[in-house]
Enquirer: 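The following block contains the structure, expressed as structure tokens.
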Amino acid sequence: MNKTVNQKAWLFVIPVFVLVAFNAIIPLMTVVNYAFQETFGNNVFMWEGTRWFKQILLSDRFHAALGRQILFTLIILFIQIPLGIFIALTMPKEGIGVSVCLVLMSMPLLIPWNVVGAMWNIFALPDIGFLGHSLNALGFDYNFTQQSGDAWFTTVLMDVWHWTSLVVLLSYAGLRSIQPAYYQAAEIDGASRWSVFRHIELPKMKKVLTIAILLRFMDSFMIYTEPFVLTGGGPGNATAFLSIDLVKMALGQFDLGPAAAMSLIYFFIVLTVCWVFYNLMMKNEGQS
Amino acid sequence: MSKISLKNLSHSYLNSQVNKEDWALRNVNIDWNDGGAYALLGPSGCGKTTLLNIISGLLNPTEGQILFNDEDVTNKNPVERNIAQIFQFPVIYDTMTVFDNLAFPLKNRGISEQEIKNKVEEIAEMLELTSTLHNRASGLTADGKQKISLGRGLVRSDVNVIMFDEPLTVIDPHLKWILRSKLKELHQKINRTMIYVTHDQTEALTFADQVVVMHEAEIVQIGTPVELFEKPRHTFVGHFIGSPGMNILPCKIDNGAISINGNMIETKIDTKDKSFSKTEVGIRPEFIEFNESGLPVKILKVSNTGRYKIIDTESESGKIKVIAKSSTNIPTGSAFLNFKKDYTYVYGDNWIIE
């Protein structure tokens, strides 16, 4: 049997290919290109091999930024995930309260990121901001523009305010999908509230929580806009997370080679962590 | 172990009740004797599960009382009532092993490790779960999971009643038979009150000593399978039980004489001095014979099942099904039907007239 050879089908793939090429492949390859070469402009490049990678991996500045980044991500995960689950558990299950809560919960998610940063910047200003002024009025020596502890506190609080809702909404969806019979059976079995959570709700929420943790890990690990607007990475380098440091290096100092190498290392870390985490969480799923 | 009595029990899921339809359960009075095997039979939405959840304490009735051994438990929770309930689909604790699943109700009640171990092993043996006892429960098949649900009900040796809410719905047909006979066997072995909710008459009639038939939020009849078959107290029971169900034909009562479309019907029932807005004659297909004279019908169709024939006929008052032995010669065209007097009932407004 002769198959009709019709190469015209390739034409239909072109739009997707062009799109992916322009928004992913070409930019990424440019970065790869920069990461192995040195340039002084005029399109003149010199081969540098792995020099930039070695430089980045051995630099104290990168270690510090990575450390701050890991600390920030861990703090917000440890706050947002339990808090999100807790809020989801206490949300109403029927009636008008459901819609009210869902709308309220969605609000922070709908605000553009730079607006969130700007809002919190003004909100936290020690002299005129509601938060900053109130804290000072209560006797706390609070100034996020000068004290690194306060800068961290404000950044974390802002992220918790902005993103806990996402965990709440995902957890709530997971909780609502649990059949009432599970709760009834647990009631008959004499299970405590904690047992119900531990043995019914948590296992049934496992999949949505995996998604929530993954999303929150990726977003917080790559956070840029909000802290950039809020603190600009300061005071000093106190809140200069990886992406802020990266932009400083690439655009502030115009060190394109090291910045490109750092981008690739950054990308590789996110990818690896997500892959490892996902596989760990889904390890036992095949059986059920 | 106790006798369970329901007194004037009514339940509504609405806040105010205006119509009859607003009630999910209407004026239920029933006694469940200790150690009995009961089935609660009725179509979907008739209130079976509501009744079950009220007995177990998952729901509080709008009106009425629940007594366990004459002690009022209406306001007690499921743990205090000490009951077991098995649901429509298997409820298992995914993260636990089969052993831990079975041990869970005992652990929650603070029973010693050794006692738990003995009891769980005994129940696992009974349910043939011993070989998978230390596997994760989530890896089991649907019937295995349902056995775990059942096992969690059985480990507590002092439960007042074990209730089943259509427990075989998600089980493969060939396993249904096995599990059903297992249940029957268990009932004989442990001799505890069991209430089995189902919409499947075969399940109900094979499992139970006493079948409670529900229809539109009410109990319409309580009786042994034989009673339900031979003397349905409500036209619904006639319809619902038996395959094919009872023939129900509109009739006239004139001074005690019953006639269908002008043909006199002989019954043992005294209908004098009673008046109804609707009167009907009920006769099971098994109790109708062909004869030289009687109710004239047209033969529409004869289906032979091997053991017996089902004959569809049509009279001027409606269709009538007849069951006859395979060897019977069935007339063609038109024929006359005779109803066996002892099994011919008259219903006024759907309820039997006696």
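Within every chain, numbering begins at 1; the chains are lettered A, B, ... in the order of the sequence lines, protein sequences first and strands thereafter. Note that the structure is a prediction, hence the values are computed from the model and not measured. Values below: all heavy atoms of this structure, side chains included; hydrogens, waters and symmetry mates excluded.
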Enquirer: Is it the backbone or the side chain of B:I92 that comes under 4.5 Å from a heavy atom of chain A, or both, or neither?
Expert: backbone

Enquirer: Counting only heavy atoms not in A:F17, do more than 12 sit closer than 6.0 Å to its CZ atom?
Expert: no

Enquirer: What part of B:N53 gets within 4.5 angstrom of chain A, counting heavy atoms only: side chain, backbone, both, or neither?
Expert: side chain

Enquirer: Salt bridge or not for A:K204 and B:D94, using N-O below 4.0 Å?
Expert: yes

Enquirer: Is it the case that over 12 heavy atoms from other parts of the model lie below 6.0 angstrom from the CG atom of B:N19?
Expert: yes

Enquirer: Is the number of heavy atoms from other residues, nucleotides or ligands within 6.0 Å of CG (A:L110) greater than 12?
Expert: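 Atom CG in A:L110 is packed in, count exceeds 12.
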
Enquirer: Only heavy atoms, only distances under 4.5 angstrom. Which residues in residues 108-121 of chain B are near chain A?
Expert: B:N108, B:R109

Enquirer: Please determine whether side chain to side chain contact (heavy atoms under 4.5 Å, CB included) holds for the pair B:V79 and A:E187, giving the CA-CA distance in whole Å, both sets of side-chain angles, and the decisive distance to 0.1 Å.
Expert: CA-CA 7 Å; B:V79 175; A:E187 202 179 335; 5.7 Å; no

Enquirer: Tell me the closest heavy-atom pair linking B:P78 and A:I188, and the distance in Å.
Expert: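 For B:P78 and A:I188, the tightest heavy-atom pair comes out as CB-CG1, 3.8 Å.
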
Enquirer: Distance check, rounded to the nearest 0.5 Å: A:Y182 atom OH versus B:Y93 atom OH?
Expert: 10.0 Å

Enquirer: Look at the aromatic rings of B:F104 and A:H199 and report parallel, tilted or perpendicular, splitting at 30° and 60°.
Expert: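 The rings of B:F104 and A:H199 stand perpendicular, inter-plane angle above 60°.
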
Enquirer: In terms of heavy-atom proximity below 4.5 Å to chain A, should B:R156 be classed as side chain, backbone, both, or neither?
Expert: side chain

Enquirer: Does atom CZ of A:F86 have more than 12 heavy-atom neighbours from other groups under 6.0 Å away?
Expert: no

Enquirer: Flag yes if more than 12 heavy atoms outside B:F99 fall under 6.0 Å of its CZ atom; otherwise flag no.
Expert: yes

Enquirer: Check this for me: B:E125, atom CD, are more than 12 non-hydrogen atoms of other residues, nucleotides or ligands nearer than 6.0 Å?
Expert: no

